[in-house]
Protein chains: 2
Amino acid sequence: MEVSDRNKIFNDLVFTDEEINIINSVFQKINAKKGAIILNAGDIADAQYYIVSGCMRTFHTDEEGKEYTLQFGISDWWVSDYTAFFTGDKAILTVEAIQDSTLYRISKEDKEYLFTQIPKIDTFFRIKLEKAYTAFQKRILINLSKTAKQRYLNFIETYPKIEKSIKNYHIASYLGITTESLSRIRKELS
Amino acid sequence: MEVSDRNKIFNDLVFTDEEINIINSVFQKINAKKGAIILNAGDIADAQYYIVSGCMRTFHTDEEGKEYTLQFGISDWWVSDYTAFFTGDKAILTVEAIQDSTLYRISKEDKEYLFTQIPKIDTFFRIKLEKAYTAFQKRILINLSKTAKQRYLNFIETYPKIEKSIKNYHIASYLGITTESLSRIRKELS
DNA sequence: GAAATTTCTTAACATACATCAATATTTTAC
DNA sequence: GTAAAATATTGATGTATGTTAAGAAATTTC
């Protein structure tokens, strides 16, 4: 792993040379082409991924084949099916690259090894988890309380950098509406 | 804290006498009467609460005074406005007892002290957080993909023990529908 | 750079759920 | 146990969003 990437991931943490060696040994760099799937629903989610650049999407597919986007992930976000990652159950989410993306992969096993070797990383990941929890709480309240138009405006705020490069139907599946409805909302707003 | 309560909270963890003393010193037993508010939106959320018995509700109130129920909490659950608890921001959630409830309170400060004194408790709380995250992920996907009737059926599954004792309008505010709509759904199902 | 494919928009109509208003039922207070 | 208050139901009507279908626009492929 390059120094700049390590600093980007663990920004304010300082490591010894030995710790740096350990970190380098557990992260694997991955180039995911647009359309590539890095985790498939039904598989074991035995890794999580740090996004250096690009854009990822995690979504659930129901019995009828309809897709529901749980999250978009951009630079400096972590992605996986965390529910499956934590529980050991099979993934119900698929994680795909919707732009060419560069990622770092760490397996669940290596992450646990990392915790034993560099205890402060435990705290680092706990804070990430707290933030992820917080984001989900916010999302639930917005879904309960806001109209589709308000949710769309909130989406633009949440993802200002990528909003224009994400396909309409992916945004719609994130908002819980059809692509036609989103089209109408966009028209009203313009 | 009574032995039985400590075992209930930390079921499979084993503590030394000294650790037990520390635990006893940081948890405060609270009896909350039906209707009591233990955390108010706008306040600092400097504690979290373990529910021994009873039923709690966490909800958000919007500018118009409409309430949106984020969660019901029953025996063996933890409640707070975790977003506020983690970030230090003011609470946007209110936590109220909807039945007479017995709780144990632990302050944020004491919880951090507990982590330093009994490191394995850190892992215990991390797993709780993972489960809470998982529950929220599930909730988001259900809200995106299911009709009100399906969400109501899912609610009954999720809260089978308390479903009958929770007010209709509280359930409705959890499902994101009006009390009238819930009434009609119930009629259809009966 | 033209053809093929994918994505987005528009329109007509359908449906789920909201709103408003009235009444019925249950719970609480004295 | 009765009156008052709170909660739940029902009906009529409104609205946001879904569905189906067609065509327009953008992107990809060769």
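Values below: every heavy atom of this structure, side chains too, minus hydrogens, waters and symmetry copies. Every chain is numbered from 1, with letters handed out A, B, ... down the list of sequences.
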Legend entry - Ion pair check, B/Asp110 and B/Arg105, cut-off under 4.0 Å: no

Inset, instruction - Determine, for B/Lys8 against B/Glu2, whether the closest basic-nitrogen to carboxylate-oxygen distance falls under 4.0 angstrom. - result: no

Inset, instruction - Kindly indicate, with the supporting measurements, whether the criterion salt bridge (Lys or Arg N to Asp or Glu O under 4.0 Å) is fulfilled by A/Glu96 and A/Lys34. - result: CA-CA 8 Å; A/Glu96 76 167 343; A/Lys34 182 174 175 175; over 6 Å; no

Legend entry - Sole candidate of B/Tyr68, B/Tyr152, B/Phe72, B/Phe59 that passes ring pair (Phe, Tyr, Trp, His ring centres under 6.0 Å) when paired with B/Tyr174: B/Phe72

Inset, instruction - Take atom NZ of A/Lys187 and atom C1' of D/dA24, then tell me their distance rounded to the nearest Å. - result: 13 Å

Between the protein and nucleotides 23-30 of chain C, list the N/O to N/O atom pairs that are separated by less than 3.5 angstrom.
none

Legend entry - Passing candidate, ring pair (Phe, Tyr, Trp, His ring centres under 6.0 Å) with B/Trp78, options B/Phe85, B/Tyr49, B/Phe125: B/Phe125

Inset, instruction - Salt-bridge test for B/Lys33 and B/Asp100: reply yes if a basic N is under 4.0 Å from a carboxylate O, no otherwise. - result: yes

Inset, instruction - Round to a whole Å and report the spacing from CD of B/Glu163 to C1' of D/dA8. - result: 15 Å

Inset, instruction - Return the value, rounded to whole Å, for the distance between atom CD1 of A/Ile98 and atom C1' of C/dT6. - result: 16 Å

Legend entry - Basic-acidic side-chain contact under 4.0 Å: B/Glu130, B/Arg126: yes

Inset, instruction - Could you verify whether a donor N or O on one side chain and an acceptor N or O on the other, from A/Thr83 and B/Gln137, lie under 3.5 Å apart? - result: yes

Listed pairs, N/O of protein and of nucleotides 15-18 of chain C, under 3.5 Å:
residue	atom	partner	partner atom	Å
C/dC17	OP1	B/Ala148	N	2.8
C/dA18	OP1	B/Thr178	N	3.4
C/dA18	OP2	B/Thr178	N	3.1
C/dA18	OP2	B/Thr178	OG1	3.1
C/dA18	OP2	B/Ser181	OG	2.4

Inset, instruction - Among D/dT20, D/dT9, C/dT7, find the nucleotide with the atom closest to the side chain of A/Tyr169. - result: C/dT7

Inset, instruction - Let me know the distance between CD of B/Glu180 and P of D/dA12, rounded to the nearest Å. - result: 15 Å

